[in-house]
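Take a look at the structure set out below.
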Amino acid sequence: MSWVIIDKNTGVAVLETFNKKIADAINVKKYKAIPIMEYLQNLNKKKD
């Protein structure tokens, strides 16, 4: 499984990681980690 790290201020993806420890260790005030499947589904919703 992989996660995408998103900048909360801009909504821009800054990193994809396969390491859960990295996804759990992000600064949650500035970033959010979401599963790759959720990220890709959200991209598809924006295109509609």
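All values below come from the heavy atoms of this structure, side chains included, with hydrogens, waters and symmetry mates left out.
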For residues 21-31, which side-chain N or O atoms pair as donor and acceptor with protein atoms under 3.5 Å away, sequence neighbours left out?
from : atom 1 : to  : atom 2 : distance (Å)
D24  : OD1    : K20 : NZ     : 3.1
D24  : OD2    : K20 : NZ     : 3.3
N27  : OD1    : K29 : N      : 3.0

> Side-chain heavy atoms under 4.5 angstrom apart, residues restricted to Ile, Leu, Val, Met, Phe, Trp, Tyr: same cluster for V14 and Y39?
Replying inline: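 The answer is no; the residues belong to distinct hydrophobic clusters.
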>> Do L43 and I34 land in one hydrophobic cluster if side-chain heavy atoms of ILVMFWY residues count as linked below 4.5 Å?
In response: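 Yes: a chain of side-chain contacts under 4.5 Å links L43 to I34.
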>> As an exercise, state the distance from CD1 of I5 to OG1 of T17, rounded to the nearest 0.5 Å.
In response: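 It is 6.5 Å, given to the nearest 0.5 Å.
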> Say you draw a straight line from CG of L40 to NZ of K45; how long is it, rounded to the nearest 0.5 Å?
Replying inline: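 Those atoms lie 12.0 Å apart.
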> What side-chain hydrogen bond (donor to acceptor under 3.5 Å, both in side chains) pairs are there with at least one residue in residues 1-15, not counting sequence neighbours?
Replying inline: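 Passing the test, one end in residues 1-15: S2-E16.
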